[in-house]
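What follows is a single structure, written as structure tokens, with notes after it.
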Amino acid sequence: NSANAVGSDKRIVFESQHTIRHLLELGVSKDFVFGDTFSWDTVTNAMTLRMFVEGLQVYRSNNEANYFIPNSTEPPLSSSNTVLPSSPTPQLKPLTVDVFISDFHADRVRAAFNWVLNLSPSLPSVDLHIHTVSSVGVSWKNPAEYTTRIAHEAEGVKQIYNHAKTIRTVPQFYAFLMLGGHQGLHK
């Protein structure tokens with residue numbers, strides 16, 4: 001939970017740049033990598049994910065290969081209770097989103113991402129999977145630093161759940177971010 005690094009040329013080195021470099025070294029094509037340089041914390045990570053998913057869903061909706069016809073066991077009834085013949089409406093196939101995150105940070109990421117992805121208006125067919133990465137071997141300055149971080153994560157989850165009770169739409173979320181409700185951007 002610290003500021004982004006600053007390079008020798010005084011430019012900010014975003015966390016995503018480390019991840020991008022690693023993915024490219026693993027052989028992932030740059031055409032499949034999106035680098036986020038907007039978000040500064042977990043909540044704005046969630047917002048950036050939502051913006052990316054919204055755009056990707058529009059792109060996917062233009063290709064009929066991304067649709068399926070749901071199985072319908074019963075045809076709909078008319079107001080006179082007679083069976084009407086109909087063909088099922090094609091639905092967009094679910095978009096699988098896999099997130100890999102440190103084990104100590106996973107609960108807060110899950111809470112924030114679920115909250116923001118489920119704001120109204122709803123997004124079509126998103127299947128979110130949070131994968132934890134072991135933090136064994138991460139060096140902490142001392143045991144108290146780790147304990148403090150775990151307490152910070154638990155408090156963050158609690159705050160997200162509280163915000164989710166009252167902030168239920170994208171415009172409310174934007175107001176929360178921009179008008180001072182989200183202290184992460186204002187500090």
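Listed here is the closest heavy atom pair of L92 and P124: CD2-CG, 4.2 Å. In plain terms, the two heavy atoms of P94 and F68 that are nearest each other are CD-CE2, 4.5 Å. In plain terms, the two heavy atoms of V157 and A111 that are nearest each other are CG1-CB, 4.4 Å. The shortest non-hydrogen separation linking L119 to T169 is CD2-N, 3.8 Å. Closest approach of W115 and I160 over heavy atoms only: CE3-CG2, 3.8 Å. Here the shortest heavy-atom pairing between L117 and R50 reads O-NH1, 3.3 Å.
With sequence neighbours excluded, the residues forming a ring-ring contact (aromatic ring centres under 6.0 Å, His included) with F52 are F34, listed by chain and number. Among residues two or more places apart in sequence or in another chain, the ring-ring contact (aromatic ring centres under 6.0 Å, His included) test is passed with F100 by H131.
Note: Y146 and W140 have perpendicular aromatic rings, judged against thresholds of 30 and 60 degrees for the angle between ring planes.
When the side chains of ILVMFWY residues are joined at heavy-atom separations under 4.5 Å, either directly or via intervening members, F38 and V116 end up in a single hydrophobic cluster. The hydrophobic cluster containing M47 also contains I167, counting ILVMFWY residues as joined when their side-chain heavy atoms lie under 4.5 angstrom apart, directly or transitively. Note on L177: it clusters hydrophobically with M51, by side-chain heavy-atom contacts below 4.5 Å among ILVMFWY residues. Under a hydrophobic clustering in which Ile, Leu, Val, Met, Phe, Trp and Tyr are joined whenever their side-chain heavy atoms come within less than 4.5 Å, directly or via other members, Y174 and V43 fall into the same cluster. Linking ILVMFWY side-chain heavy atoms closer than 4.5 Å, directly or via other members, places L56 and L49 in a single hydrophobic cluster.
Rounding to the nearest 0.5 Å gives a distance of 7.0 Å between CD1 of I130 and CG of N114. Atom CD1 of I20 and atom CG of D36 lie 8.5 Å apart (nearest 0.5 Å). Summarising the geometry, atom OG belonging to S120 is positioned 10.0 Å from atom CG belonging to L123; distances are rounded to the nearest 0.5 Å. The NE2 atom of H152 sits 12.0 Å away from atom CD of E145, with the distance rounded to the nearest 0.5 Å.
Between I69 and P90 there is a side-chain heavy-atom pair separated by less than 4.5 Å. Inter-residue side-chain proximity for V109 and N45 is flagged as unmet; no heavy-atom pair is nearer than 4.5 Å. You'll find the side chain of Q57 reaches within 4.5 Å of the side chain of V126, heavy atoms only. Using a 4.5 Å heavy-atom threshold, the side chains of F176 and T166 count as separate.
At least one donor-acceptor pair closer than 3.5 Å links the side chain of N62 to the backbone N or O of V58. One N or O on the side chain of K93 and one on the backbone of A65 form a donor-acceptor pair closer than 3.5 Å. Under the 3.5 Å distance criterion, the side-chain polar atoms of S102 are left unmatched by any main-chain donor or acceptor of F104.
Judged purely by distance below 3.5 Å, without hydrogens or angles, the side chains of S135 and H105 never pair a donor atom with an acceptor atom. Donor-acceptor pairing under 3.5 Å is lacking for the side chains of T132 and D103. One side chain, T44 or D41, offers a donor N or O that lies under 3.5 Å from an acceptor on the other.
The pair E25-R21 fails the salt-bridge criterion, with no side-chain N (NZ, NE, NH1 or NH2) lying under 4.0 Å from an Asp/Glu carboxylate O. Classification of R149 and E153 as a salt-bridged pair holds, one side-chain N sitting under 4.0 Å from a carboxylate O.
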